[in-house]
Engineer: 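Take this structure first; my questions come after.
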Amino acid sequence: MKKKLMYGAIALLLVFIGMVLATPSSNDSKENAASTKHSAKQSSRVSKYITYESSSSADEKKDTKVPAEHRAALRSAKTYAGYMNMSKREVEHQLSAQTGEKFKPDAVAYAMSNLNDIDWNANALAKAKIYQKDLSMSEDAIRHQLTADMGNKFTAEQAEYAIKHLES
C-alpha cells in the first residue's frame, strides 16, 4: 500500500512540475484564469488516479486468490480508463499489444470484466474537449479521431455523445 501511495505521490509531483513548466509567464488575467482552470482539472485527474490506485490496493488484499498478473492488468486498465480517459477498446488493446503491456489474454479478459464504474461517454467527452480546445479540431475531425482504429477507438455512440456535449 505504501508503494502505491508513493507512486501516486510521484505521479502527482510529475503532473505538478509539468503544470508549472507549462504555465505561461504572461500577466494576462484571462490566460492565468485558463491556466488555473486547467491546473484544477489536472489536479482532479491526479486525485482520481490516486483513488483508483488506493481502491486497487484494497481490492488486492481482499482477493489474493487472483493471480498477480491479473491484478496488475486490472491496475493498468484502471489507470488507462480512469486517468488517461481511454476508450474500452483502446484499454484492451494497450493491455494486450506487443507494443503495449503484453498481458496474456486471460489477464486482459479478467481486467476488462472487472473494470467497473467507468463512464466511457465521459472519457470520450474529455478527449473531445482536448481536441477542440487545444488542437482546434472541427467536429468532423474530432468524431473521426474518437472513432478511428488508429485513433481513440470509441464507439460511434460515445463519439456522438461527446460531440453533442462540447461547448459551442
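Since this is a predicted model, take the numbers as computed values, not measurements. In what follows, residues are counted from 1 in the order of the sequence shown.
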Engineer: Ile142, Ile130: one ILVMFWY side-chain cluster at the under-4.5 Å cut-off?
Structural biologist: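 No: no chain of side-chain contacts under 4.5 Å links Ile142 to Ile130.
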Engineer: Kindly give the heavy-atom pair with the smallest separation between Trp120 and Phe154, and that separation in Å.
Structural biologist: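 Taking every non-hydrogen atom into account, O-CE2, 3.6 Å.
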Engineer: Please walk me through it: do Thr147 and Gln158 pass side-chain contact (heavy atoms from CB on, under 4.5 Å)?
Structural biologist: CA-CA 9 Å; Thr147 58; Gln158 291 161 348; over 6 Å; no
Engineer: Show the nearest heavy-atom pair for residues Ala73 and Ala107, with the distance to one decimal.
Structural biologist: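 Answer, listing the atom of Ala73 first, then Ala107: CB-O, 3.6 Å.
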Engineer: If you measure from CD on Gln145 to CE on Met137, what distance do you get to the nearest 0.5 Å?
Structural biologist: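 Going from CD on Gln145 over to CE on Met137, the span is 5.0 Å.
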Engineer: Could you tell me which non-hydrogen atom of Ala77 sits nearest to which non-hydrogen atom of Ala111, and how far apart they are?
Structural biologist: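 Looking at all heavy atoms of both residues, the shortest contact is CB-CB, 4.2 Å.
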Engineer: For the residue pair His70 and Lys104, establish whether any side-chain heavy-atom pair is separated by less than 4.5 Å.
Structural biologist: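 Counting from C-beta outward, His70 and Lys104 never come under 4.5 Å.
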Engineer: Do Lys88 and Val91 have side chains that get closer than 4.5 Å, going by heavy atoms?
Structural biologist: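 Counting from C-beta outward, Lys88 and Val91 never come under 4.5 Å.
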Engineer: In the structure I gave you, are the side-chain heavy atoms of Lys129 and Leu166 within less than 4.5 Å of one another anywhere?
Structural biologist: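 The answer is yes, as the side chains (C-beta and beyond) meet within the 4.5 Å cut-off.
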Engineer: With a 4.5 Å limit on heavy-atom distance, are the side chains of Asp149 and Arg89 in contact?
Structural biologist: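 Touching, per the 4.5 Å side-chain cut-off.
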Engineer: Working to the nearest 0.5 angstrom, can you tell me the gap between Lys164 NZ and Asn121 CG?
Structural biologist: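 Here the interatomic distance stands at 10.5 Å.
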Engineer: Shortest non-hydrogen contact from Ile163 to Arg143?
Structural biologist: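 Looking at all heavy atoms of both residues, the shortest contact is CG2-NH2, 3.6 Å.
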Engineer: Any non-hydrogen side-chain atom of Lys133 less than 4.5 Å from a side-chain atom of Glu167?
Structural biologist: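 Side chain of Lys133 against side chain of Glu167, heavy atoms only: contact under 4.5 Å found.
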Engineer: Sequence neighbours excluded, which residues qualify as side chain to side chain contact (heavy atoms under 4.5 Å, CB included) partners of Glu101?
Structural biologist: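 Listed in chain order: Ser76, Tyr80, Leu95, Phe103.
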Engineer: Assess the residue pair Gln132 and Glu139 against the criterion (side-chain contact (heavy atoms from CB on, under 4.5 Å)); give the C-alpha distance rounded to whole Å, side-chain angles, the decisive distance to 0.1 Å, and a yes or no.
Structural biologist: CA-CA 8 Å; Gln132 181 187 49; Glu139 286 185 3; 5.9 Å; no
Engineer: Report whether Leu146 and Met84 are members of the same hydrophobic cluster (ILVMFWY, side-chain heavy atoms less than 4.5 Å apart, transitive linking).
Structural biologist: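 No; tracing contacts between hydrophobic side chains, which count when under 4.5 Å, never links both residues.
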Engineer: Could you tell me whether the side chain of Met86 reaches within less than 4.5 Å of the side chain of Asn152, counting heavy atoms only?
Structural biologist: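 Side chain of Asn152 against side chain of Met86, heavy atoms only: no contact under 4.5 Å found.
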Engineer: For a 4.5 angstrom cut-off between non-hydrogen side-chain atoms, does Arg75 reach Arg71?
Structural biologist: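 Side chain of Arg75 against side chain of Arg71, heavy atoms only: contact under 4.5 Å found.
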